[in-house]
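In what follows, every heavy atom counts, from backbone to side chain, and hydrogens, waters and symmetry copies are set aside. Both counts, for ligands and for their atoms, begin at 1 and track the order of listing. Remember, it's a predicted structure, so these values are computed and weren't measured experimentally.
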Amino acid sequence: MTRYEIVKRSVALITLTNPPVNALSSAVRLALSKNVERAMGDPEVTAVVICGENGTFCGGADIREFSEPLQGPPLLPLLDAVEAGEKPVVAAIEGVALGGGFELALFCHYRVAHYKSRLGLPEVTLGILPAAGATQRLPRLIGIPASLQMITTGQHILAQEALKLGILDQVTQKNVCEVAVEFALGAVGMSGA
Ligand SMILES: CCC/C=C/C(=O)SCCNC(=O)CCNC(=O)[C@H](O)C(C)(C)COP(=O)([O-])OP(=O)([O-])OC[C@H]1O[C@@H](n2cnc3c(N)ncnc32)[C@H](O)[C@@H]1OP(=O)([O-])[O-]
């Protein structure tokens, strides 16, 4: 459900692995929570990158679990742990970051995205509101009018627009994971080490 590896000697690379869109199923939330704790507790790890496999960051809540009672850890405490971590956490966004997946990216300290990626909060199209922190984190980043536009329309925006709005720190045409790892090393003052 997630893969954990150390790259460039000191960056924990956590990959969401839940095809087809790496949705945040109960098993993914549990695995992600354990791996964030592992990275934060490992003295060899200086920074963390979270990405998704097969060209997609995360499609949000797992719609296959919508008819079941909530199991596994809730999303918000997990996202709080990411944000509260003392090591920089970078989201490496490719494909889509939607709903809870976008919220996961918002709680990371930095966001690097592939230029073809799309971000959005489609909750309103399902008759719900974003409930894992986007309604607070997004206005802090881009202000209330632009946040309301995203939250109330559910429209996806492209990476370049997200960069202009201030949601993203970097947009790249290269391998987004590799760029995010370099960004993470830079964030701890170790770029090129
Ligand atoms: C947890 C806290 C609260 C969070 C709330 C939220 O996140 S609310 C927001 C919740 N998220 C959303 O509302 C996002 C809804 N999804 C989308 O907007 C689009 O599917 C897409 C843009 C992700 C991909 O578009 P595309 O044209 O490239 O591809 P496609 O549409 O043909 O789908 C391909 C396959 O992926 C499957 N699948 C898709 N999403 C999910 C999912 N979340 N889960 C599981 N599976 C999902 C889909 O069923 C299909 O499976 P199949 O039939 O091959 O077995």
- Item | Heavy-atom side-chain proximity of Leu129 to Val124 below 4.5 angstrom | no
- Task: Just jot down the side chain to side chain donor-acceptor pair (under 3.5 Å) partners of Arg38, sequence neighbours excluded, or say none.
- Result: none
- Item | Whether over 12 other heavy atoms sit under 6.0 Å from Glu83 CD | yes
- Message: Pairing donors with acceptors under 3.5 angstrom, does anything connect the side chains of Thr56 and Asn22?
- Response: no
Can you pull every nitrogen or oxygen pair between ligand 1 and the protein closer than 3.5 angstrom?
unit_1: ligand 1; atom_1: 7 (O); unit_2: Ala61; atom_2: N; d: 2.8
unit_1: ligand 1; atom_1: 7 (O); unit_2: Gly100; atom_2: N; d: 2.8
unit_1: ligand 1; atom_1: 11 (N); unit_2: Gly59; atom_2: O; d: 2.8
unit_1: ligand 1; atom_1: 43 (N); unit_2: Gly59; atom_2: O; d: 3.4
unit_1: ligand 1; atom_1: 43 (N); unit_2: Ala61; atom_2: O; d: 2.8
unit_1: ligand 1; atom_1: 44 (N); unit_2: Ile63; atom_2: N; d: 3.1

- Test ring-ring contact (aromatic ring centres under 6.0 Å, His included) applied to Phe107 - qualifying residues, sequence neighbours left out: none
- Summary of ring pair (Phe, Tyr, Trp, His ring centres under 6.0 Å) pairs that have at least one residue in residues 26-69, sequence neighbours excluded: none
